[in-house]
Amino acid sequence: MSDIRFTKDHEWVRVEGDTATVGISEYAQEQLGDVVFVELPTVGADVEAGGDAAVVESVKAASEVYSPVSGRIVEINEDLEASPSLVNESAEDEGWFWRIELSDPDELDELMTAKDYKAFLEGLD
């Protein structure tokens with residue numbers, strides 16, 4: 001089963017079993033412009049929901065990337081180190097940042113569904 005959720009800080013999380021893949025939304029990458037560098041978390045690190053876990057730098061600014069959920073980092077997208085532009089090309093697929101083993105799956109209930117996130121974005125304009 002796959003399920004995607006979003007935060008108000010424009011991160012997304014796609015859940016598969018007890019592991020989740022995390023990245024920034026299409027909207028976020030559009031706001032950043034051309035991504036030139038991504039600092040990824042360390043595999044094995046524990047992160048808390050809402051805590052900073054990565055940094056993304058673009059031609060416009062550097063921004064923290066917050067973890068949507070708590071757990072242990074089990075994998076990072078090493079392709080982003082060589083090709084940070086993957087975030088611009090495929091923010092919600094190939095441009096993922098890290099995978100995390102969920103410590104509290106109930107936290108997912110606090111995140112927005114794709115439909116809710118779309119409505120949230122429409123409210124920003």
Option among V74, I73, D79, L80 that satisfies the side-chain contact (heavy atoms from CB on, under 4.5 Å) test with I76:
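Running side-chain contact (heavy atoms from CB on, under 4.5 Å) over V74, I73, D79, L80 with I76 returns exactly one hit, I73.
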Can you pull out every side chain to side chain donor-acceptor pair (under 3.5 Å) where at least one residue sits in residues 37-46? Sequence neighbours excluded, please.
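Of all non-adjacent pairs touching residues 37-46, those that pass side chain to side chain donor-acceptor pair (under 3.5 Å) are D46-R72.
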If we ignore hydrogens and angles and just use 3.5 Å, is the side chain of [X] paired with the main-chain N or O of [Y] as donor and acceptor?
{"X": "N88", "Y": "G33", "answer": "yes"}
{"X": "S58", "Y": "A61", "answer": "yes"}
{"X": "D34", "Y": "V59", "answer": "no"}
{"X": "S70", "Y": "A49", "answer": "yes"}

Mind checking whether Y27 and H10 have parallel, tilted or perpendicular rings, split at 30° and 60°?
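Answer is tilted, since the angle falls between 30° and 60°.
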Could you please spell out the steps behind the side-chain hydrogen bond (donor to acceptor under 3.5 Å, both in side chains) verdict for T7 and Y66?
CA-CA 9 Å; T7 70; Y66 304 103; over 6 Å; no
Membership question, hydrophobic clusters at under 4.5 Å side-chain separation (ILVMFWY): are [Y] and [X] in the same one?
{"X": "V36", "Y": "L86", "value": "no"}
{"X": "F97", "Y": "F37", "value": "no"}
{"X": "V55", "Y": "W12", "value": "no"}

Search all heavy atoms of [X] against all heavy atoms of [Y] and return the closest pair with its distance.
{"X": "Q31", "Y": "K60", "value": "O-NZ, 3.4 Å"}
{"X": "N77", "Y": "G95", "value": "ND2-C, 4.1 Å"}
{"X": "V15", "Y": "G17", "value": "CG1-O, 3.5 Å"}
{"X": "E64", "Y": "E11", "value": "O-OE2, 4.5 Å"}
{"X": "A53", "Y": "V47", "value": "CB-CG1, 4.2 Å"}
{"X": "L108", "Y": "R5", "value": "O-NH1, 3.3 Å"}

Test side-chain contact (heavy atoms from CB on, under 4.5 Å) on V65 and W98; report intermediate values, then the result.
CA-CA 11 Å; V65 179; W98 67 86; 3.8 Å; yes
Separation between [atom1] of [X] and [atom2] of [Y], rounded to the nearest 0.5 Å:
{"X": "Y117", "Y": "E122", "atom1": "OH", "atom2": "CD", "answer": "12.0 Å"}
{"X": "K8", "Y": "L111", "atom1": "NZ", "atom2": "CG", "answer": "11.0 Å"}
{"X": "T19", "Y": "L102", "atom1": "OG1", "atom2": "CG", "answer": "7.0 Å"}
{"X": "D52", "Y": "S63", "atom1": "CG", "atom2": "OG", "answer": "12.0 Å"}

Would you say E48 and S67 make side-chain contact, with heavy atoms under 4.5 Å?
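Of all side-chain heavy-atom pairs linking S67 with E48, none is under 4.5 Å.
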Chi angles and distances behind the side-chain contact (heavy atoms from CB on, under 4.5 Å) call for I24, L32:
CA-CA 10 Å; I24 64 170; L32 284 167; 3.7 Å; yes
Is a side-chain donor-acceptor pair under 3.5 Å present for D116 with T113?
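T113 vs D116: donor-acceptor pair found between side chains.
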Taking atom CD as the centre, does E26 end up with more than 12 heavy-atom neighbours from other residues, nucleotides or ligands that are less than 6.0 angstrom away?
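Counting neighbours around CD of E26, more than 12 heavy atoms of other residues, nucleotides or ligands fall under 6.0 Å, so yes.
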side-chain contact (heavy atoms from CB on, under 4.5 Å) between E89 and Q29: does it pass, once the steps are laid out?
CA-CA 9 Å; E89 297 163 11; Q29 74 82 18; over 6 Å; no
